[in-house]
Amino acid sequence: MHTPVKNSADGRDLDIDTRTRNRLLRGLRCLAERGFALLTGRWRALRHFTTSPEKIGDIVKAALVLTHFEHGRHQ
C-alpha cells in the first residue's frame, strides 16, 4: 500500500518528485473510490455483505461486468 507524503512541519514545500507521486496516488485513489461508489450505489446487495473480499470476488466481478455493459463499455 502506498500513502502520500505529508508536508513537513517546518513549512518547506515538497520536492517535485514527491508532489508528482502524491498527485498520481490521489488520481488512482479517486478512480478506485468512484468505482466502489458506483458498484455499491448501483448494486445494493453489495452493501450487506460481511464476508471476506476473497469470497465475494465472483459476485463483484459479475456486478462490474453488468455495470460496464450498462454504461456501454463492453467489448
Side-chain angles (χ1 to χ4, degrees):
M1 173 168 293
H2 298 282
T3 57
V5 177
K6 294 182 179 181
N7 287 331
S8 62
D10 60 6
R12 288 184 298 147
D13 288 336
L14 298 173
D15 63 277
I16 188 71
D17 291 335
T18 305
R19 286 188 304 216
T20 302
R21 180 179 178 273
N22 283 351
R23 284 189 186 118
L24 289 171
L25 289 173
R26 191 170 48 237
L28 291 173
R29 189 181 76 210
C30 173
L31 293 173
E33 288 178 1
R34 174 66 183 134
F36 184 73
L38 183 64
L39 282 175
T40 56
R42 175 65 180 92
W43 303 99
R44 285 186 275 152
L46 295 177
R47 293 184 207 160
H48 303 290
F49 278 97
T50 57
T51 186
S52 70
E54 182 178 296
K55 293 180 182 176
I56 195 175
D58 290 335
I59 296 170
V60 171
K61 287 176 191 175
L64 183 60
V65 167
L66 292 172
T67 302
H68 280 169
F69 185 79
E70 184 178 63
H71 288 273
R73 295 185 185 125
H74 59 283
Q75 290 185 356

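- Counting side-chain heavy-atom gaps under 4.5 Å among Ile, Leu, Val, Met, Phe, Trp and Tyr, Ile16 is found in no cluster with other residues.
- For the side-chain contact (heavy atoms from CB on, under 4.5 Å) with Leu25, the lone residue among Arg23, Arg29, Arg21 that qualifies is Arg21.
- Residue Val5 belongs to a hydrophobic cluster whose other members are Leu14, with links defined by side-chain heavy atoms closer than 4.5 Å.
- Separating the CG atom in Asn22 from the CG atom in Asp17 is a distance of 11.0 Å, to the nearest 0.5 Å.
- In this structure, Asp13 has no side chain to side chain donor-acceptor pair (under 3.5 Å) partners at least two apart in sequence or on a different chain.
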